[in-house]
Trainee: 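Have a look at this one.
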Amino acid sequence: MVPENPTGDSKLYRAATADFDFDNPGEALSGLLKLAVDLLPAQRAALYEFDELQPGFTPRYVHGISLSELGHLGSAIEHPVLKESITKRSAASTDNTHSSLGLPLAPGVVACAPCIASGKIVGIIFIAKDAGEHFDEDTLATINILASRAAEILTFAKQTANQIYLFHRLTLLYQASHAITGIRDREEAIKQLVTHLLKATSADRCDVLVMEDGEVQAMRFDQQLQHSNIQTIVSKVVETIPDYPIHHQVLRDLRPATVSLVPPKGSSRDIAILQEEGISSATIFPLATGNEAHGFVRLLYLEPGRQILDQEMELAQAIVNIGAIGIQDAISLEKAEDRASQLQVLAEIGREMTSTLDLEVALENTMHHTQQIMQCEACVLFLLDESGEKLILKASGGRQMRIRDVAIRLEEGIAGWVARNRQPLIVNDVRTNPLYHSAIDSQTGLLTSSVLCVPLDTRGESLGVIEAINHPRGAFTGSDQQMLNSVASWAAIALDNANLFERVADERSRLETTLVETADAVVLTDRSGRIILVNQAAGQAFRINADLAKGRLATEIFINHPLGDLLMDEDVSLPTTMEVTTPADRVLWTTISEVTDVGRVAVMQDITALKQIDRMRSQLLGTAAHDLKNPLNAIRLGADLLNDAELTGQQRKALQMMQRATDSMTNLITGLLETIRVETSTTLFLEECDIDEIIQMTIDDLKPLADAMKHEIIYEPPTETLVIKGEPNRLCSVVNNLLGNAIKFTDRGGRIEIGVEWDDERILVNVTDNGPGIPDDEIPRVFEHLFRGRVTVSDPNNPIDGTGLGLALSKTVIEQHGGRIWVTSEEGVGSTFYFTLPWEPIPKTGSLRPDD
Ligand code: ADP
């Protein structure tokens, strides 16, 4: 309890030590005023607080008087006592000279003291008593104490209020950021932003405008429960925002701006639109991340005179900033998701295109998928017809889109334009577009409102177009175009591939038909010698099941038959020809050649009939030759008898010419007879032949000729005895022919080498000279009957003798033994003739496995 009239000391002591509840500043300050009135004593007390919004001091707490009786104290302080107290920063009281009139709490004796905290006057305390002496020094000292304690409480309260406000702001910001970030849907992100803005400010409405890829999305939101503390629920009301000039300024400056009717603020155009909209004020915040504006947010106040509060500005901008990032993230996520699902669909389309051989099915499925991912009403694919004048609807996806072959002319419609110009086109309102051609709608049964059309091109050639019809939300965008372009690329590739495939398949089947149905026997192998194809004729000729043969090695199919080697032997120089005999004794003229990137092919013509005619001709020739031989012998004999006769020089010359001519005719006839004999007798009389012996014998026979020409013959006998099964006479004649040719065609002093190599399968003999060589054009002909090369007449005065039958005969003999003979030669360098002989002659008839 406070004593009636405390002494100065105790007054001071009580003022200084009294306890106040700082947590409750209102009560503390009211308590302080009550203490003042009790202590001093006085009847009324008031505490004015410094006002930041309205310059001066505003009454906040009172005792013994009502707040409504007190008014604001302007910053221009007139009353001398108040002036003195403020200047001296100490308590002062009215006295006899100064009436209390003009001071708060007047009339009566009024004392006042500034409440000073950190050197600043935060308030003024007024104490008044109705009558009596003015307040003495002790009392003023007590008032000073009370004033400073009031200052303490005021400051503390203010700090607390700031902290609470700060806390409130932080909470709002935290809630906003929590609610906005990580949202995957942009509309939801926008809605959350608006919700938190309306919660944090006193605005009535909120507009949001988001720009993305040149597309503008605008929305206006109202609070559903007007400024409810418990919950803020917003609802979208309109989707358009008038174009205020201030919007552009905000987007440019990236700084918020306000337009209002009362007090008038903003350009006349802005204010006029505001008035039209029935809005009292609007504050526009840029919606920006970094230095880039993605749109803006507007806070709208409807009641006249109301507008955003200063302290709301900062908080609102902070929430808008969070919103900007949140919306941007949502857009990116949306895009990423779009992209991901687009990629998935594209992958699906790609698979479709490559796995389905039926192009129409693939295109149909693609249109179906595209329509689903784009969520448009339909997706159609037009292809240019062969004339290039019409677009034909080939595939479509979407409800009720089962129509086919609708045709439009190239000059018509949006599709026509895109196909002609080969540029994509978005028409979001077809009714206002002159390109739109409604006739197509009547054919497709669709009511077109928006169209996205992209060209279908391949290697600079227009194939057609793809159209997406009727966007779900009205407008096709750049990213839709991107998507459809990707689909178009896939479709173009598929169309291209399909054409190619068709062409290749066509060609292949044509080739296959030719190969399969041709009368010639054909065997095709891959590079490893595995059978790719045995055509009908070959199958029949060799009694092979073509299907079973496929994929097996040629040597497994043509066992002990030269064809197997010819198709597989790496050493065989191609192309090569030879006669082969089938199990049914047909003679096939076989050409083996290389097929680039495939392997080898053997094409065999049945020459059995020709062979028969040939045999008949040989028999005829044989008989004629035989019949010629006797008279020729008689002539030669007669001529020889004339040798001893006495003849003139001219007569002797004529005689010698006659002798030479009969000799060469005899040689020719002998050669012909031998050739005919060898070629017509297919049976060999096999003996063991030592190849070294055959070679040595031949060298010995021809040594005198070689010596006469001063040739060096180099022969290194094989280190092993090489014995093969063959007919020695015939083999001798082969070596004789080769060595004889080397001797006679090589210029004097030549070098002739004979070599023998062997392996498990065969012997290889080569005869190499450093003679004139054989011209390229003659090489394929040297084994022909009666062929004689230019080298034989290189010296017209001294032609080289011969019949042109030697090599033909040699070839026949070697092939009869199951070997091969060939030549490599370079003009001016020399020639090498090779022949191979198997250890045992392979019968010319292809002997195939019985089960084949
Ligand atoms: P001929 O030797 O009787 O002329 P061949 O059948 O033995 O007949 O040879 C045919 C042709 O091949 C010869 O005329 C010649 O042009 C060419 N020839 C053969 N052997 C050689 C060789 N060693 N060097 C150059 N040319 C050759």
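Only heavy atoms go into these numbers, but all of them, side chains included; no hydrogens, no water, no symmetry mates. In listed order, ligands and their atoms are each counted from 1.
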Trainee: Should Asn737 be listed as contacting ligand 1, given a heavy-atom distance under 4.0 Å as the test?
Mentor: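 Checking ligand 1 against Asn737, which is what was asked, there is no heavy-atom contact under 4.0 Å.
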
Trainee: What atoms in ligand 1 come closer than 4.0 Å to a heavy atom of Ser831?
Mentor: 24 (N)

Trainee: Step through the shown structure and confirm whether more than 12 heavy atoms of other residues, nucleotides or ligands are within 6.0 Å of CD on Glu757.
Mentor: no

Trainee: Regarding Gln659 and Asn643, do their side chains bring together a donor and an acceptor under 3.5 Å, going by distance alone?
Mentor: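 The answer is yes; a qualifying pair exists.
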
Trainee: Suppose I only count heavy atoms of Gly806 and a 4.0 Å limit; which atoms of ligand 1 are within that range?
Mentor: 6 (O), 7 (O)

Trainee: Atoms of ligand 1 less than 4.0 Å from Leu807 heavy atoms?
Mentor: 5 (P), 6 (O), 7 (O), 9 (O), 10 (C), 12 (O), 19 (C)

Trainee: Among Ile752, Val782, Leu739, which one puts a heavy atom closest to atom 17 (C) of ligand 1?
Mentor: Val782

Trainee: Between Pro772 and ligand 1, is there a nitrogen or oxygen pair with a distance under 3.5 Å?
Mentor: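 No, Pro772 has no N/O under 3.5 Å of an N/O on ligand 1.
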
Trainee: Does ligand 1 have an atom under 4.0 Å from some heavy atom of Phe833?
Mentor: yes

Trainee: What protein heavy atom sits nearest atom 14 (O) of ligand 1, and how far away is it?
Mentor: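 Answer, as residue, atom name and distance: Gly789 N, 3.1 Å.
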
Trainee: For a side chain to side chain contact (heavy atoms under 4.5 Å, CB included) check, start with the C-alpha distance between Thr590 and Thr577, then their side-chain angles and the critical distance, and finish with the verdict.
Mentor: CA-CA 5 Å; Thr590 304; Thr577 52; over 6 Å; no

Trainee: Is it true that the side chains of Asn737 and Ser810 contain a donor and an acceptor less than 3.5 Å apart?
Mentor: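 Short answer, yes.
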
Trainee: Using distance alone, determine whether Val791 and ligand 1 share an N or O pair under 3.5 Å.
Mentor: no

Trainee: Just which atoms of ligand 1 are under 4.0 Å from any heavy atom in Asn741?
Mentor: 2 (O), 5 (P), 7 (O), 9 (O), 19 (C), 20 (N), 23 (N)

Trainee: Parallel, tilted or perpendicular: which one describes the rings of Phe558 and Phe542, with boundaries at 30° and 60°?
Mentor: perpendicular

Trainee: For ligand 1, which part of Ile800 has a heavy atom less than 4.0 Å away: the side chain, the backbone, both, or neither?
Mentor: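 Neither; nothing of Ile800 gets under 4.0 Å from ligand 1.
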
Trainee: Taking 4.0 angstrom as the limit and counting only heavy atoms of Phe787, give me the atoms of ligand 1 inside it, by number and element.
Mentor: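 Within the 4.0 Å cut-off of Phe787, ligand 1 contributes 10 (C), 11 (C).
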
Trainee: I'd like to check whether Glu778 has a polar contact with ligand 1, where a contact means an N/O of the residue lying under 3.5 Å from an N/O of the ligand.
Mentor: no

Trainee: Are Thr666 and Thr670 close enough, and set up right, to give a side chain to side chain contact (heavy atoms under 4.5 Å, CB included), and what steps lead you there?
Mentor: CA-CA 6 Å; Thr666 311; Thr670 316; 4.0 Å; yes

Trainee: Number the atoms of ligand 1 from 1 as they appear, then name those within less than 4.0 Å of a heavy atom of Gly802, with their elements.
Mentor: 3 (O)

Trainee: Can you report which non-hydrogen protein atom sits closest to atom 22 (C) of ligand 1, along with the distance?
Mentor: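 So the nearest neighbour among protein heavy atoms is Phe745 CD1, 3.7 Å.
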
Trainee: Salt bridge check: are Glu815 and Arg820 linked by an N-O gap of less than 4.0 Å?
Mentor: no

Trainee: Answer yes or no: does an N/O atom from Ile774 fall short of 3.5 Å to an N/O atom of ligand 1?
Mentor: no

Trainee: Would you find more than 12 non-hydrogen atoms of other residues, nucleotides or ligands less than 6.0 Å from Asp747 atom CG?
Mentor: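 At most 12 heavy atoms, drawn from other residues, nucleotides or ligands, come within 6.0 Å of this atom.
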
Trainee: Output yes when the distance from some N or O of ligand 1 to some N or O of Thr792 is under 3.5 Å, and no in every other case.
Mentor: no

Trainee: Considering only protein heavy atoms, which is closest to atom 8 (O) of ligand 1, and at what distance to one decimal place?
Mentor: Gly804 CA, 3.2 Å

Trainee: State plainly whether the residues Glu778 and Arg781 are in salt-bridge range, i.e. N to O under 4.0 Å.
Mentor: no

Trainee: Compute the centroid of each ring, for His817 and then for Phe835, and state whether the two points are separated by less than 6.0 Å.
Mentor: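 Judged by ring-centre distance (under 6.0 Å), His817 and Phe835 do not meet the cut-off.
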
Trainee: With a 4.0 Å cut-off, would you call Lys744 and Asp801 a salt bridge?
Mentor: no

Trainee: How far apart are the closest heavy atoms of Ala584 and Arg543, and which atoms are they?
Mentor: CB-NH2, 3.6 Å

Trainee: Check for me whether Ala742 has a heavy atom closer than 4.0 Å to any atom of ligand 1.
Mentor: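 Yes, that is the case, since the closest heavy atom of the residue is under 4.0 Å from the ligand.
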
Trainee: Give the residue, atom name and distance (to 0.1 Å) of the protein heavy atom nearest atom 23 (N) of ligand 1.
Mentor: Asp769 OD2, 2.8 Å

Trainee: At a 4.0 Å cut-off, with the gap strictly under it, does some heavy atom of Lys744 reach an atom of ligand 1?
Mentor: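 Lys744 counts as a contact of ligand 1 under the 4.0 Å cut-off.
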
Trainee: Nearest protein heavy-atom contact for atom 4 (O) of ligand 1: which residue, which atom, what distance?
Mentor: Arg788 NE, 2.8 Å

Trainee: Would Arg762 count as a cation-pi partner of Trp758, with NZ or CZ less than 6.0 Å from the six-membered ring centre and within 45° of the ring normal?
Mentor: no

